[in-house]
Structure formats: structure tokens, C-alpha cells
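From a predicted model like this one, the values you see are computed outputs, not experimental measurements.
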Amino acid sequence: MRITTGFKAVGAAVATLMLLAGCQNKASGTSASKSTWSRMESDIISTMDPSKSTDAISGTAINDTTDGLYRYSGTELKPAIATKIVKPTKNGTVYTFKLRDAKWSNGDPVTADDFVFAWRRTVDPATKSQYAYLYSGVVNADAVMKGTKKPATLGVKALDKHTLQVTLEHPIPYFQKMMVNGPFFPQNEKYVKKMGSKYGTQAKYTLANGPYKLTGWNGSNNSWQEVKNPTYWNAKNVHIDQINVTAVKDATTAMNLFQSGKLDDAALTGDQAAQAKTQKDYRGIKQTSVFYLELNEKKVPAFKNTKLRQAMSMAINREEYIKKVLQDGSIDAPTVTPSGLAENPTTKEDFSKEAAQGYTKYTSYNPKEAKALWTAGMQEVGKQNLTLELLTDDTDNAKRSAEYFQNTLEKNLPGLKVTISTVPFKTRLTRSQDGQFDMVLSGWSADFTDPITFLDLFTTDGSYNDGKWSNATFDKLINESQTTYATNETKRWQVMVQAQQLLTQEQGVIPIYQRVQAHLVNPKIQGLKTTPGGTFDLIGAKIKK
């Protein structure tokens, strides 16, 4: 899932304070009748359509308001609409889910047909879902996505109102873990068709079946609320009545809002993150999120040269960048797959650590080698000079990051000129998807706890392979991990490690850092858990009066 590269500009700090004051009188509302929690986002919601959401901000709102088959409770995968974690039959190709009695916020029952409709809609090319690729391996999904078969042929059906059956073309070892993601959530067919093109564009055009209902979002505003959903099947374990969410401009504003009691949870970067580490309310949350540079090989053919890509990676001092710019405790990323995501099924060694062995030179600061590779690469592509535009978000943190990369790349790579283009987050997403960039600072957060959630991004036809790097051997290894060795844990692990090592050696994308997000969190909250993706799980959490 795409993530922002910093704090989104949403107006002056005074305006932000006024927005928050309008939502509440005091953080963690102490009223006996209502328990509230106030948090921030770095940008606005882009869409509440589960089939079309691609970013972490919208994804968080969708997860707060919608239940799929499963849901994470902290790091534990637990049943949600499904009554239990099921075991597949027929050699791992058939999943039969029994569904609990649950309701939508309009009173309609949540049925197996809601899943069938949602899954067919997501895979249908007419929907233009960028997450449709996750369905690959479900019977006929690839053919439906290509337009050669109808969505109705997808391997999903309702055996009755409370029984959903999914048939795979081959075993998918991480299939169950994907069920916590929006593209696999149910959608009420009658409601979606009634809303038409308005569906998911404003709070009043959304329907909830999860812990909260969305209110106060008009499609473009900088604050919204999530109020407890009384029809939620597990409402008895939702103890916080309302979540107030505001997009905040920068870390200074975020810290001020926290200290003045206007925020219960503030995410910080830069100087404020460094200051926060000394405070009792500090929480450093290591996330399975990696930020990286993508180089557009289609728009800039010179990037097809491996030496140039390697040179750019070696020209970046990641430790200095983290220490001087981010200052939030993040760690340098030797691979694009984050640490803490998955362990070797036999040795229990971390995937990123194992894959990095012998390959760290490609992501280590070495200006001398960078210059030599750059000079050789430029000769090979027949150029003496190269002018490139670096695309990034229009946030304070993103701007500082871009300036750092601009300076270090120009200093260490002779003949390179870097300009910076700062745009709103949604614009950056659109331009990235449309290939309208030379270089772009991107970020990805794990959709589920398997290395494939990162590696699959960079196959030749990957939906999020914006730089268009292509390697036939890499594609073959990824395909083998998903098909040939899907049920062989050891061999599957080996080919994924090989794929990551190849991606690192080639620097198909340039990994920069894995985020450790600095938070200041009101200690009045109890039972707050963190999911594998680094987001807060509010079910079961309580505000201490």
C-alpha cells in the first residue's frame, strides 16, 4: 500500500488548530457520555471505495469502518466476518468460509453475496482497480483482468447467505493473510449501484460494517470523524465512541497540538522527532514500510543502464540522511523488503537480513565507486550530462528529503543536474501511475506479512512498477514462488531470497530507509495494539478517565 513521504500541507497552523477545536473541546474527551480519541493523518482521504483505494490513509479509514473475513488483533490474525480461520481443502485450493450474522450500518445483513459482488467488481477491468492483481491465482482472475472472461466466472460463489466458497487455480501460501485488505472486503451491491459514481467519494456515500462509521468527510476536507457503529457485530469490544482525525501540516504543528491537548496521537519527523524521544509519551513504532527511489526507464532510457542505477544508490549516505533529515529513528534499508516482515521457516532468520548477505555494497555509501560506475555508465549510454527531475510530495519532510538527495547526487555524480518538483500527494500518485516523472520518491507498506507483497511490485507487468524496470529472471523467480513452489516452504523461501538479491544487485529500485515512526501518544489510552503494518488497532482499547 502506498504511503506518503512526509507531512501533507493543509493550511496554516492556526487554521488547523481551529479545525481541531471545532471537533472537540479536549483530547480524550472526558465527558461521561462519550469517549473520544484524536489523531492525525499526513494527508486527506483520497477515496473510500475499497476497490480503488491504494494509499495508507484511505486504507486506514476503510479498515476502521469495514470488516472483511479476517482482521488483525495486534499481530494475531483473527476471524472477523468469517467465524473462524479456515483450513483449505482439495490440496489447498478451496476455501469455504462460514460467515457470522453481521449487519451493514443501514441495517442490511452482510451476506456471502456481498463478497461475491465486491470481488467480481474489483477484478472487473471496468473498475480499474490497481489492486486487482492480488486476485491472481483465484480461478479465472487473470483472464477476467485481461478481459477474456466475464467477472461472473471468477472462482468465488455464495453457497448460501452465510457460506462463501473460493476456488484457487493453485495453492497461494499467503492467501489468508490478504483477507485483511480492502480489495477483499464485502460491498453491498444494492447500495453501490444506487450510489453509482458517487460511491466512496464522500462520507454520505459510504456504508459501514466495521467498528466505526465515517462522518464529516466531504471528499476534500482536512478533518473527519469516525463514530462507533452500533450495528457492528463486535460493538461490545469497541470502547472509544469517536475518533477525530485531522490532516496536519508539519511536525512543529503536530507537536504543538499534542502538547496543547488537541491531539492524542501525533506522528513526528525531523527536529520534533528528535525532541520527542526524550519525552515520557514517546513511542517509536517500527513499521513494515520502506521508502525508495524509482527511476523511470521508459521516460529516461539511460536508466536502463545498471551501472547508472548502482551509482545513484552508492551516492546516497543513508545513515547521514536519517540522522540529519528524518531524525525519527528510522533505519537504512539494504533491501526493498523491510526487516521484521517474515522469517525463514527453517532457520527463523529475518528475510531482509538473509537476502542482504553479500549484497550490502549496492546500498552502502561509496562515493568513489559511485563516481567510477557513473562515469562508465555515462560512457556506455553516450552521454556527458544528464538533467533529471525528482518528483516528491509537497510536505516539509518530503521537501527536505528531496533537497538532500539533490545535493548528494549532484555532488557525487559528475555531469548530473537534479531539479525538484513538489506536488500534492494525490498528484504524486497520479503522476507516478501515469509515468510522468524521471525519478520519484515512493513508499510502500506491507499489505500482508509475506515478502511477496513487496517483491511482486517490481515484476515487468506489476501494477506498481512505475519505473518499468524489467528482468526476465526476476519475473521467473517470482512466478515460481507463487506457483511451482507455492506449497514447498523451503524452496519458495529460497527463490524469493534470490529474487530480492537480484533486485538489489540490479538496483531496479533504490531502497533508502525503513520507517520507524516517532509518535507522542496520550498515556490515557489502554490496550492499544499495533498491527504488523504498524497501524494502531483500536478494538479493545479504552480511554482511562
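Residues P211 and R71 are in side-chain contact: their nearest non-hydrogen atoms beyond the backbone lie under 4.5 Å apart. For the pair L441/Y292, no side-chain contact is recorded, criterion being any heavy-atom separation below 4.5 Å from C-beta on. Side-chain contact check for T93 versus E169: every heavy-atom pair is 4.5 Å or farther apart. Contact of the I331 side chain with the K286 side chain is registered, since non-hydrogen atoms from C-beta on lie closer than 4.5 Å. In this structure, M439 and F303 have side chains that are in contact, with non-hydrogen atoms separated by less than 4.5 Å. By the 4.5 Å heavy-atom criterion applied to side chains, T127 and T122 are not counted as neighbours.
Y135 and W119 have perpendicular rings, their planes meeting at more than 60° on a 0 to 90° scale where under 30° would count as parallel.
The distance from the CG atom of L538 to the NZ atom of K228 is 12.5 Å, given to the nearest 0.5 Å.
Taking the charged nitrogens against the carboxylate oxygens, D438 and K299 do have a contact shorter than 4.0 Å, which makes a salt bridge. Remark: D49 engages R121 in a salt bridge, criterion side-chain N to carboxylate O under 4.0 Å. Salt-bridge formation is detected for the pair R428/D393: a Lys NZ or Arg NE/NH1/NH2 atom is positioned less than 4.0 Å from an Asp or Glu carboxylate oxygen. Using a cutoff of 4.0 Å between basic side-chain nitrogens and carboxylate oxygens, R492 and D450 are scored as salt-bridged. Of the charged side-chain nitrogens involved, at least one lies within less than 4.0 Å of a carboxylate oxygen, so that R39 and D64 count as a salt-bridged pair.
Under the 3.5 Å distance criterion, with hydrogens and angles disregarded, a donor-acceptor pair is assigned to the side chains of Y70 and Q176. Using modelled atom types and a 3.5 Å distance limit, the side chains of E294 and S432 yield no donor-acceptor pair. For the residue pair Q433 / Q130, a side-chain donor-acceptor distance below 3.5 Å is found, with atom types taken as modelled. Donor-acceptor pairing under 3.5 Å is lacking for the side chains of N397 and T395.
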Under 3.5 Å, which donor-acceptor pairs do the side chains of residues 496-508 form with other protein atoms, sequence neighbours left out?
{"residue": "Q500", "atom": "OE1", "partner": "T337", "partner atom": "N", "Å": "3.4"}
{"residue": "Q500", "atom": "OE1", "partner": "T337", "partner atom": "OG1", "Å": "2.6"}
{"residue": "Q500", "atom": "NE2", "partner": "T504", "partner atom": "OG1", "Å": "3.0"}
{"residue": "T504", "atom": "OG1", "partner": "Q500", "partner atom": "O", "Å": "2.9"}
{"residue": "E506", "atom": "OE1", "partner": "T306", "partner atom": "OG1", "Å": "3.3"}
{"residue": "E506", "atom": "OE1", "partner": "R309", "partner atom": "NH2", "Å": "3.0"}
{"residue": "Q507", "atom": "OE1", "partner": "S313", "partner atom": "OG", "Å": "3.0"}
{"residue": "Q507", "atom": "NE2", "partner": "T504", "partner atom": "O", "Å": "2.7"}

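Each of L164, V139, V123 was scored for a side-chain contact (heavy atoms from CB on, under 4.5 Å) with V156, with one residue passing: L164.
Centroid-to-centroid, the aromatic rings of F458 and F474 stay 6.0 Å apart or farther. Taking the centre of each ring, Y191 and W104 stay at or above the 6.0 Å mark.
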Stepwise side-chain contact (heavy atoms from CB on, under 4.5 Å) check, E354 with W493: CA-CA 10 Å; E354 182 175 335; W493 182 270; 3.1 Å; yes

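With sequence neighbours left out, the salt bridge (Lys or Arg N to Asp or Glu O under 4.0 Å) criterion links D142 to no other residue.
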